[in-house]
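Scroll down for the structure; my scribbles are underneath it.
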Amino acid sequence: MIFERLAAMLNKVIAIDGPSASGKSTVARKVAAGLGYQYVDSGALYRGIAWKAAGMGCDPAKSAEVVAAMGRMKVYFFVEAGAVRYRIDGIEPRAEIRTERVSEQVSWVAAIPEVRAQVTQWLRNMAGLGDLVMEGRDIGTVVFPEADAKFYLDASPEERARRRHAELKPAGETADVNRVMDSLKTRDQRDSGRKTAPLKLAPDAQVVDTTGLSIDQVVEQILRRLRGNG
Ligand code: CDP
């Protein structure tokens, strides 16, 4: 226990926050690989809880139901292939947490203070597992306000909708680009407007506008800034 606490204090954390489809996941994964750190997708945990709670018959808008269901979930974390991953009740959810249905439900679930408190605790404990690049909405503001470096990725709403639309197509989802843009807008509003840990720019975060930049250009920019020559 003491060793884990000490390791958590010594390990480094790079926080990458920003709105939906700003490119965080791909960028954060590549930055982590470039640094030899572990990648953490905090949104995948909120998605996993929303998906599992719905599977247990909960209405995601009913906080008490979701909190009770979360208390019955057994969540287990492990490090593999450069990332901290998790299983809920023995299952590692993948494509099933990326559907539009889960995307619509997750921002309700993520607005529940008890859910946030539990997920924040899990995320903080991960610092005992190694150096981390963690992406989300509140990593630099709430989860690790003392992070070694903080980035805030953004892009125009049109570009973000185009990116998300392109991701959904291979997954077999057929939403048109305008519907995707509406759904992103609704989720952004809920994420920025909620009382607990809303999406906002940390005063000490470096902003990267990814509109018109390739993933590799963004990754390069972040790595250069981390090396102190950006
Ligand atoms: O990839 P995408 O931008 O669609 O979102 P995500 O990172 O998978 O996160 C899904 C949802 O989880 C967000 O819309 C937020 O409601 C919530 N979330 C959060 O509240 N705090 C985080 N640190 C990460 C995600």
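Residue numbers run from 1 in the order of the sequence given. Numbering of ligands and ligand atoms starts at 1, following listing order.
Taking the charged nitrogens against the carboxylate oxygens, Arg116 and Asp138 do have a contact shorter than 4.0 Å, which makes a salt bridge. A salt bridge is defined here as a Lys NZ or Arg NE, NH1 or NH2 lying under 4.0 Å from an Asp or Glu carboxylate O, and Glu92 with Arg94 meets this definition.
A donor-acceptor contact shorter than 3.5 Å links the side chain of Ser42 to the backbone of Glu135. Of the possible polar contacts, one joining the Gln217 side chain to the Ser214 backbone as a donor-acceptor pair under 3.5 Å is found. A donor-acceptor pair under 3.5 Å links the side-chain atoms of Asp89 to the main chain of Lys74, judged by distance alone. Looking only at distances, a side-chain donor or acceptor of Lys24 sits under 3.5 Å from a matching main-chain atom of Gly18.
At a heavy-atom distance under 4.0 Å, only side-chain atoms of Arg187, from C-beta outward, approach ligand 1. Residue-level proximity to ligand 1 for Arg190 is absent, since no heavy atom of it falls below 4.0 angstrom. Contact annotation for Arg194 and ligand 1: only side-chain heavy atoms (C-beta onward) come within less than 4.0 Å of the ligand. Contacts between Ala21 and ligand 1 below 4.0 angstrom, taking non-hydrogen atoms only, involve the backbone exclusively.
For atom 24 (C) of ligand 1, the closest heavy atom belonging to the protein is Ser42 OG, 3.3 Å. Taking atom 17 (C) of ligand 1 as the reference point, the nearest protein heavy-atom neighbour is Ala110 CB, 3.7 Å. Residue, atom and distance of the protein heavy atom nearest to atom 4 (O) of ligand 1 are Arg164 NH1, 2.7 Å. In this structure, the protein non-hydrogen atom closest to atom 20 (O) of ligand 1 is Arg116 NH1, 2.7 Å. Looking only at protein heavy atoms, the nearest one to atom 8 (O) of ligand 1 is Arg47 NE, 2.6 Å. At the shortest separation from atom 22 (C) of ligand 1 among protein heavy atoms lies Arg137 N, 3.4 Å. Nearest protein heavy-atom contact of atom 25 (C) of ligand 1 is Gly43 CA, 3.5 Å. Atom 23 (N) of ligand 1 has its closest protein heavy atom at Asp138 OD1, 2.8 Å.
Applying the 4.0 Å criterion to heavy atoms of Ser107 picks out, from ligand 1, the atoms 16 (O). Those atoms of ligand 1 that come under 4.0 Å of a heavy atom in Asp191, given as number and element, are 13 (C), 14 (O), 15 (C), 16 (O). For ligand 1, the atoms sitting less than 4.0 Å from at least one non-hydrogen atom of Lys24 are 3 (O), numbered in the order shown with element in parentheses. Which parts of ligand 1 touch Val106 is read off a 4.0 Å heavy-atom cut-off, strictly below it: atoms 10 (C), 11 (C), 12 (O).
For the ring pair (Phe, Tyr, Trp, His ring centres under 6.0 Å) criterion with Trp122, the lone passing option out of Tyr46, Phe77, Tyr76 is Phe77.
Side-chain polar atoms of Arg164 and Ser183 form no donor-acceptor pair below 3.5 angstrom.
For the pair Arg124 and Phe144, the cation does not sit on the ring face, since its NZ or CZ is not both under 6.0 Å from the ring centre and inside 45° of the axis.
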Requested in this report: For salt bridge (charged side-chain N to carboxylate O under 4.0 Å, His left out), just list the numbers for Asp17 and Lys150, CA-CA rounded to whole Å, side-chain angles, deciding distance to a tenth of an Å, and then say yes or no.
Outcome: CA-CA 8 Å; Asp17 288 302; Lys150 301 178 187 177; over 6 Å; no
